[in-house]
2 protein chains.
Amino acid sequence: MAATIRDVARASGVHVSTVSRTFSAPHLVNTETRNRVLAAAEDLGYRPNRAARALTTGRTHNLGLIVADIANPFFPPLIKSAQAHARERDYHVFVADTDEDPLVEEELIQTLTKQVDGVLLCSPRLSNRAIERLGADVPFVVVNRRVKGMSTVLMDVGHGARLAVAHLASLGHRRIGLVAGPSGSWTSGEMREAAAATAREAGLDLSILGPNPPTEQGGLAAAGDVVKAGVTGVLAYNDMVAIGLIEGLYERGLRVPGDVSVIGVDDIVPGRLNRPKLTTVAMPTSAAGRTAVDLLLQAVGAKDAATPALTTLETSLVVRESTAPPPSIERSS
Amino acid sequence: MAATIRDVARASGVHVSTVSRTFSAPHLVNTETRNRVLAAAEDLGYRPNRAARALTTGRTHNLGLIVADIANPFFPPLIKSAQAHARERDYHVFVADTDEDPLVEEELIQTLTKQVDGVLLCSPRLSNRAIERLGADVPFVVVNRRVKGMSTVLMDVGHGARLAVAHLASLGHRRIGLVAGPSGSWTSGEMREAAAATAREAGLDLSILGPNPPTEQGGLAAAGDVVKAGVTGVLAYNDMVAIGLIEGLYERGLRVPGDVSVIGVDDIVPGRLNRPKLTTVAMPTSAAGRTAVDLLLQAVGAKDAATPALTTLETSLVVRESTAPPPSIERSS
DNA sequence: GACATGGCTGCAACCGGTTGCATTATTGTG
DNA sequence: CACAATAATGCAACCGGTTGCAGCCATGTC
């Protein structure tokens, strides 16, 4: 079917090894010979078979990228930047979706491992133990999770949370709430800690509400807690929760930002149609993709196990329409 | 490093071919021997190397899925269903993003071709000629485009357009507009034809507005045309255009659906926060993913070039809040 | 003129599996 | 009991490349 290296060798009257070298070590072959080989290859439409090459070299020039859910708008920018960045370095990225299922995740890792030089694990659902075990064969880089002995890319959501709380404080809010995420989430823990510290410094009253599922439903269900807590400013675990929360507040007759200000995290809400447009903590997802690829290729290139690197990326606050001064600003004390 | 078939053979005291058969043709090996081999394999953590297997069998058990833009919310459901469906059939899917660039698309196809048994091409940007040429080595299935000699999955957007126009007519609209997409788009042509036919049958006045880029910007820019045409009901090329259009109408002081009704296509707008929630033509993207995988595996299984199949999937109208009766219903004639 | 040097190419083993064929042991049949 | 059929396993070639080693030739050097 497709032309092989032997077809090219026959057509150009040289040994297969010469053809091989023409592509993988051109400087070792005479210019004239090389041109003859290249002409024959061109003629036959020959393209080296990367899989076969990988058998002997141990380098597939492929990377694996595993995400929990492609449909989550948080991931596509990361995927795109990782892919583009890898392409520039002559690597290809295979994306796989685990559908939030740890078993699928494990199976995908095992399958991918044999066909790639390294794996990028984004927001894994697997236990750290399992990840460490699976990472024995091939370099891993983990995004949004700390795993012992592995290179990691984190986004400093704590910093974003501090900015968000400070923003609420500067608008005059004194009683604020944090609609927390799932209890096991690293991100949620960071947010909680950062929000607590900032609230203390600014002399604010902070209520932790949750844990909640990281979905619109979760936000909708948390609306009651927010009302009960009597807060005027809220930081939600992520944008989906924020959206659900706003909807829930509407149902209870409260307006955003008139009665309650709401801040989300991720900056994933597209479109101009949203009312109000969401104030949110933007995550550097594109940068995370690039950085993760850099770290991974670095580990791939190293002969022995490289020392794991930790990169933390900054976040920022994007102020839009869902935050405003509280209904009546009372001068405290 | 990782255990190979020879390690397992040594550990269990049999020949490599017996180990190979234990995994690829278990009925050919004695139960007792098989158990011994499996135990040794388990012990060593052996997993067959799919790439090596592919070298002799010619079957990688991988499929390639190429999309123009993962970040376009239209694609993820398709990707997810294709992936899940393939998994059930012991195939894995590698997703690649061309970033809307035909050159990247071509390069990706060439790279993937050697590592997969078949390629799923979604909304390709390459010319039909190029696709036909590249499809010589490995089976292709094309989604959202007709390519001679290749299996195809289409979504019947014409049907959806008819439903949309009929819906506007039943609400009492007499002057309606179609905000068309890019001039080269197959989908846009289908919509135009269907809308024209339905309008004629229902005695409506139809204005074709465009072509426009398939983006929010495109919709925003088209708002002027809509006002000028004096229509009260509009079918937009897709949801992004519809969103931009609504925004543009707002800027001109018109309300949706009070003054103008707007219908989108794709049903990709998430979240409950949109005001108004968009009436839209829902596309069977999940079904398309499944169908495409079925078609592809069928072609992969066939020894000789299978006769290309064409599958057309139905669309449906989802009525939400962006459509209503026109400002003043005049009984015609 | 003998010999070392370097450039280029061929040879053959190897990567990790699969598979047609040969070999041996076992069982069934008349 | 002889012979055929069947089951289980080993042997070795092969898939499409890569690579260490050896051989050849043309130079350069003394």
Side-chain angles (χ1 to χ4, degrees), chain A residues 1-38 40-41 44-62 110-117 137-138, chain B residues 1-38 40-41 44-62 90 110-117 137-138 303:
Chain A
M1 179 104 356
T4 77
I5 203 175
R6 294 167 218 266
D7 298 327
V8 177
R10 202 172 312 122
S12 50
V14 299
H15 195 263
V16 292
S17 55
T18 301
V19 178
S20 173
R21 277 187 277 257
T22 301
F23 289 97
S24 52
H27 60 279
L28 286 180
V29 23
N30 183 288
T31 309
E32 195 184 328
T33 314
R34 193 195 317 160
N35 290 336
R36 211 167 65 239
V37 171
L38 288 176
L44 295 168
Y46 168 78
R47 314 229 91 206
N49 181 330
R50 298 183 133 208
R53 173 179 296 176
L55 250 192
T56 50
T57 60
R59 287 269 172 282
T60 62
H61 268 245
N62 291 144
Q110 296 200 350
T111 308
L112 267 178
T113 286
K114 292 288 182 13
Q115 322 196 30
V116 301
D117 297 339
D137 291 338
V138 77
Chain B
M1 178 107 353
T4 76
I5 204 175
R6 293 166 220 266
D7 298 327
V8 177
R10 204 173 309 121
S12 50
V14 299
H15 195 263
V16 291
S17 55
T18 302
V19 178
S20 173
R21 278 187 275 258
T22 301
F23 289 97
S24 53
H27 60 280
L28 287 181
V29 24
N30 183 289
T31 309
E32 195 184 328
T33 313
R34 193 195 316 161
N35 290 336
R36 212 166 65 238
V37 171
L38 288 176
L44 295 168
Y46 168 77
R47 315 230 90 207
N49 182 328
R50 298 183 131 210
R53 174 179 296 178
L55 209 45
T56 50
T57 61
R59 288 270 171 281
T60 62
H61 268 246
N62 292 143
D90 197 25
Q110 295 199 350
T111 308
L112 268 177
T113 288
K114 290 291 181 10
Q115 322 195 30
V116 302
D117 297 340
D137 292 338
V138 76
K303 41 252 129 247

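So that the names make sense, note that chain A is the first sequence line, chain B the second, and so on, each numbered from 1.
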Under 3.5 Å, which protein N or O atoms sit close to an N or O of nucleotides 22-28 of chain D? Give each pair with its distance.
none

Can B:T4 and B:N49 be said to form a side-chain contact (heavy atoms from CB on, under 4.5 Å), step by step?
CA-CA 8 Å; B:T4 76; B:N49 182 328; over 6 Å; no

Across nucleotides 11-17 of chain C, 5' to 3', mark each nucleotide with B, S or - according to how protein heavy atoms within less than 4.0 Å reach it.
BB--BBB

Ignoring hydrogens, what is the shortest heavy-atom contact between B:F23 and B:A41? Give both atom names and the distance.
CZ-CB, 3.8 Å

Only counting residues at least two apart or in another chain, list the ones meeting salt bridge (charged side-chain N to carboxylate O under 4.0 Å, His left out) with A:R6.
none

Run the side-chain contact (heavy atoms from CB on, under 4.5 Å) check on B:R36 and B:V14 step by step: do they pass?
CA-CA 10 Å; B:R36 212 166 65 238; B:V14 299; 3.5 Å; yes

Looking just at side-chain N and O atoms, do B:D117 and B:T60 make a donor-acceptor pair shorter than 3.5 Å?
yes

Whole-Å distance between C:dC8 C1' and A:H27 NE2?
12 Å

Any residue in residues 28-35 of chain B with a heavy atom nearer than 4.0 angstrom to DNA chain C? Just list them by number, or reply none.
none

What verdict does the side-chain contact (heavy atoms from CB on, under 4.5 Å) test give for A:V29 and A:V37, after you've listed the backbone C-alpha separation in whole Å, the side-chain angles of each residue and the deciding distance to 0.1 Å?
CA-CA 10 Å; A:V29 23; A:V37 171; 5.9 Å; no

Contacts of A:R50 meeting salt bridge (charged side-chain N to carboxylate O under 4.0 Å, His left out) (sequence neighbours excluded), chain-then-number -> A:D90

Working to the nearest 0.5 angstrom, can you tell me the gap between A:T33 OG1 and A:L38 CG?
10.5 Å

When all nucleic acid strands are considered with a 4.0 Å heavy-atom cut-off, which category describes A:V14: base, sugar-phosphate, or nothing?
sugar-phosphate

Is there any side chain to side chain donor-acceptor pair (under 3.5 Å) pair reaching into residues 17-31 of chain B, and which pairs are they, with sequence neighbours excluded?
B:H15-B:S17, B:S17-B:R21

Nearest non-hydrogen partners of A:Y46 and A:I5, listed with the distance:
CE1-N, 3.5 Å

